[in-house]
Amino acid sequence: MASSSSHGLVLPCLAVECSCCRPNTTFISAAEKKLVAAAAGLPSELLDVKATVCPTPLGWILVRESVSGSTYLVDPQSRQDKIPLPPLTGIDDDVLMDCNCLLSDQPSAQAAAGCVVLLVEPQDTVIWYHHIGSGGGGGEWTRHEYDIGVQGDKYGFTEKIHIVPIAACRGKFYFNSFFTEISVLEFCGPAGSPRFSSIRLAGGAPGDWGRGAFHVFLLESDGELYMVRLKTTLGSQSSPASSSSSSPSPLQVGVYKMDFSERRWCRADDLGDRAFFVAPFYFGASCVAGGKYGIQKNCVYSIRYLGDESFTVSNVEDGTSYVHSIHGAETSPDSILRTLWMLPTDQKP
């Protein structure tokens, strides 16, 4: 049975924001794979079209009210649990809604003062950060334009390197992982300023990595850093799902765990009784499987693209993938603004 708070919200769930109906957000239970009537129980900020929200992998959701500019973190399962933040100004709603939002640690009452809230812009080489409580960096948001090099192709085209994908793990932020190197962002010194570095990795790509185009995500799970690779098999097609809510998917999923002692990525066929959730733009998270949350262990729940009206559940043990259509959702791909995962902040089984 999926987890339900006293006011009825079922998590983890898929939130589909669209422009064609009111309320403008539809919720689909990841465990039950069907629409859920959770709107009445959600904090009003998550339903209000006059607020911009950004989910984090730790379940907390960043909210900025459009009229007042009031900014805070909210627990989607609680009307009372809010962590106030300074007003976030200088960034447009259209940019904010596509930012990757991460927390360096769980912002509990004991650890909130050491938590960094990080926003990574999708198009520009810009990050925003704030130290919750009395930590370094003062009481305001800091905008930082980074320069971590350029990349180019054989035709002479060059562009600045962006921070994608990225994940928070053990108080640091890891990003842009290759099999020879992974980049690190941490906030150091009395002012809590950003510092960039990199870790040289041993070995090359695993033999099962393959060729072609992939979607790659980084995420933290139970204190460990993981990389998820999504690839659609060429020449394969999903079976029609008109008579059923699910059908086989051609999606291939690979999961790799970082071994910091050996400095290498290792294939992971066991997620430790957890499930992973990935979505645009480079969102990656982990959740306890089974028990009160009801999701399948050792599976990756994925949304492939922005207007997707389905999600795929891939089992990393047996290699099977099934796509689950969102039947009953009165939406069309053209009207979908975002599809995003909402997770519980309480990760206890």
Side-chain angles (χ1 to χ4, degrees), residues 11-12 30 54-62 73 75-76 99-108 111-112 114-120 127 129 132 163-178 181-187 194 196-199 201 215-230 253-289 293 295 297-303 314 316 340-349:
L11 296 177
C54 292
T56 73
L58 294 182
W60 292 88
I61 297 178
L62 178 75
L73 293 169
D75 182 345
C99 282
N100 200 331
C101 184
L102 304 102
L103 306 174
S104 62
D105 299 285
Q106 187 69 253
S108 63
C115 178
V116 177
V117 187
L118 176 67
L119 287 167
V120 182
I127 59 174
Y129 62 92
I132 295 179
I163 296 178
V164 286
I166 183 171
C169 183
R170 306 178 186 179
K172 300 179 181 180
F173 300 92
Y174 295 89
F175 64 96
N176 294 19
S177 178
F178 303 96
E181 184 180 74
I182 186 169
S183 299
V184 185
L185 167 62
E186 52 189 319
F187 293 86
F196 293 89
S197 61
S198 62
I199 300 174
L201 302 180
H215 293 277
V216 177
F217 304 84
L218 294 177
L219 60 91
E220 178 272 340
S221 180
D222 201 22
E224 302 291 344
L225 183 65
Y226 288 83
M227 177 168 57
V228 176
R229 179 213 63 192
L230 303 183
V253 175
V255 178
Y256 306 86
K257 180 180 177 180
M258 170 56 67
D259 185 333
F260 283 101
S261 63
E262 296 291 335
R263 295 194 173 190
R264 67 171 65 244
W265 288 105
C266 303
R267 176 79 185 199
D269 295 318
D270 184 350
L271 306 186
D273 293 330
R274 299 180 76 90
F276 293 172
F277 292 81
V278 298
F281 295 94
Y282 298 102
F283 177 89
S286 168
C287 184
V288 176
Y293 296 124
I295 53 178
K297 71 175 184 178
N298 291 324
C299 287
V300 176
Y301 290 68
S302 61
I303 309 168
S314 305
V316 301
L340 46 92
W341 292 113
M342 293 175 59
L343 303 172
T345 59
D346 177 13
Q347 287 285 315
K348 297 178 182 178

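Just so it is clear, the values below take in all heavy atoms, side chains as well, and ignore hydrogens, waters and symmetry mates.
For the pair Phe283/Leu340, no side-chain contact is recorded, criterion being any heavy-atom separation below 4.5 Å from C-beta on. Contact annotation: the side chain of Asn100 never approaches that of Ile163 to less than 4.5 Å [non-hydrogen atoms, C-beta and beyond]. Residues Ser183 and Phe196 fail the side-chain proximity criterion, which asks for heavy atoms closer than 4.5 Å. Looking at Val117 and Leu103, their side chains come closer than 4.5 Å, going by heavy atoms from C-beta outward. At least one side-chain heavy atom of Leu11 sits under 4.5 Å from a side-chain heavy atom of Pro76. Counting heavy atoms from C-beta on, the side chains of Leu343 and Pro57 never come closer than 4.5 Å.
Contact between Pro107 and Ile132 at its shortest, heavy atoms only, is CB-CD1, 4.2 Å. Scanning both residues, Ala279 and Ile303, for their nearest heavy atoms gives CB-CD1, 3.7 Å. When all heavy atoms of Asp259 and Cys266 are compared, the closest pair comes out as CB-SG, 4.1 Å.
Remark: Ala30 engages Pro12, Phe277, Ile295, Tyr301, Trp341 in a side-chain contact (heavy atoms from CB on, under 4.5 Å) (not counting sequence neighbours). Under the side chain to side chain donor-acceptor pair (under 3.5 Å) criterion, Asp273 pairs with Lys297, sequence neighbours left out. Asp269 meets the side chain to side chain donor-acceptor pair (under 3.5 Å) test with Arg267; sequence neighbours excluded. Not a single ring-ring contact (aromatic ring centres under 6.0 Å, His included) links Phe178 to another residue, sequence neighbours left out. With sequence neighbours excluded, the residues forming a side-chain contact (heavy atoms from CB on, under 4.5 Å) with Cys169 are Tyr174, Glu220, Leu225, listed by chain and number.
Here the CZ atom belonging to Phe187 is positioned 5.0 Å from the CG atom belonging to Leu118, to the nearest 0.5 angstrom. Taking OG1 of Thr56 as the reference point, atom CG of Leu119 lies at 10.5 Å (rounded to 0.5 Å). How far CE of Met227 is from CD1 of Ile182: 8.0 Å, rounded to the nearest 0.5 Å. With rounding to the nearest 0.5 Å, the separation of CE in Met258 from OH in Tyr226 is 12.0 Å. Taking CZ of Arg263 as the start and CD1 of Ile199 as the end, the distance is 6.0 Å to the nearest 0.5 Å. To the nearest 0.5 Å, the span separating OG on Ser314 from CG on Leu230 amounts to 7.0 Å.
Remark: the backbone N or O of Thr345 is not paired with any side-chain donor or acceptor of Asp75 at under 3.5 angstrom. Within the 3.5 Å criterion, the main-chain N or O of Leu271 finds a donor-acceptor partner in the side chain of Asn298. A donor-acceptor contact shorter than 3.5 Å links the side chain of Arg170 to the backbone of Gly223.
The list of salt bridge (charged side-chain N to carboxylate O under 4.0 Å, His left out) pairs with a residue in residues 275-284, not counting sequence neighbours, is empty.
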